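Here the structure is laid out as structure tokens; the discussion comes afterwards.
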Amino acid sequence: MQQRIEALLSKYGLTDFQKLVLVATSSIPKGKTATYKEIAKRIGKPKAYRAVGNALAANPLPVVIPCHRVIKSNGSVGSYSRRGGAAAKLRLLKRENASSLKGL
DNA sequence: CCCGATTCCCCGC
DNA sequence: GCGGGGAATCGGG
């Protein structure tokens, strides 16, 4: 479970906050998406939405952590690993979960 | 010290 | 009611 992820992240040299965010992200239910704020709230820092994005940006396990499932509060995908990646992320979400996206 | 995958509030029309 | 801009906030290098 997520516990496995935390142990894995530990060897990546990440901090507690990083691991916390990544684990919370990996815990996102299938067929659904979570907002940065939701993740921040989940880890106990509802105001750390920005830090949450930072943690996801350092996500060393993109195969275990569906960072593409994490979007903005207004329904937009926000950004991704690199510029323009948002389009791929949106496409991925539509193909994987078809969640409540904004619609481009 | 500065920046970053964000969010919310206020103002104007 | 809608759109745009600025400030606030948290952590990491």
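Residue numbering restarts at 1 for every chain, and letters A, B, ... go by the order of the sequence lines. All values reported here derive from a predicted model rather than from experimental measurement.
Across all non-hydrogen atoms, the minimal contact from A:Gln18 to A:Ala58 is NE2-CB, 2.9 Å. Residues A:Ile71 and A:Ser76 come closest through the heavy atom pair CB-O, 3.1 Å. Minimum heavy-atom separation, A:Leu61 to A:Asn59: N-OD1, 2.8 Å. Closest of all the heavy-atom pairs between A:Pro29 and A:Arg69 is O-NH1, 4.1 Å. Minimum interatomic distance between A:Tyr36 and A:Tyr49 (heavy atoms only, all atoms of both residues): CB-O, 4.0 Å. Between A:Ser26 and A:Pro66, the shortest heavy-atom distance links the atoms CA-CD, 3.8 Å.
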Determine all donor-acceptor pairs shorter than 3.5 Å in which one atom belongs to a side chain in residues 5-15 of chain A; sequence neighbours excluded.
{"residue": "A:Glu6", "atom": "OE1", "partner": "A:Gln3", "partner atom": "NE2", "Å": "3.2"}
{"residue": "A:Ser10", "atom": "OG", "partner": "A:Glu6", "partner atom": "O", "Å": "2.7"}
{"residue": "A:Ser10", "atom": "OG", "partner": "A:Lys19", "partner atom": "NZ", "Å": "3.3"}

Give the table of side-chain donor-acceptor pairs shorter than 3.5 Å for residues 38-47 of chain A, with sequence neighbours excluded, one pair per line with atom names and distance.
none

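Running 5' to 3' along DNA chain B, contacts with non-hydrogen atoms of chain A at under 4.0 Å begin and end at B:dG4 to B:dC8. Taking the 5' to 3' direction, DNA chain C first and last meets chain A under 4.0 angstrom from a heavy atom at C:dA8 to C:dG12.
Applying side chain to side chain contact (heavy atoms under 4.5 Å, CB included) to A:Ile65 and the options A:Ile28, A:Val21, A:Leu22 leaves one that passes, A:Leu22.
Residues of residues 35-46 of chain A that place a heavy atom closer than 4.0 Å to DNA chain C, in numerical order, are A:Lys45. Heavy-atom distances under 4.0 Å link DNA chain C to A:Thr15, A:Phe17 of residues 11-26 of chain A, given in residue order. Less than 4.0 Å separates DNA chain B from at least one heavy atom of each of the following residues of residues 47-63 of chain A: A:Tyr49, A:Arg50, A:Gly53, A:Asn54, A:Leu56, A:Ala57.
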Inset, instruction - Run the numbers on A:Thr25 and A:Leu56 for side-chain contact (heavy atoms from CB on, under 4.5 Å), then give the verdict. - result: CA-CA 8 Å; A:Thr25 304; A:Leu56 285 168; 3.3 Å; yes
Inset, instruction - Let me have DNA chain C in dot-bracket notation, would you? Count Watson-Crick plus G-U wobble pairs, both distances under 3.5 Å, and use [ ] for pairs crossing earlier ones and | for inter-strand partners. - result: ||||||||.||||
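Looking only at distances, a side-chain donor or acceptor of A:Lys89 sits under 3.5 Å from a matching main-chain atom of A:Val77.
A:Asn54 is linked by a side chain to side chain contact (heavy atoms under 4.5 Å, CB included) to nothing, counting only residues two or more places apart in sequence or in another chain.
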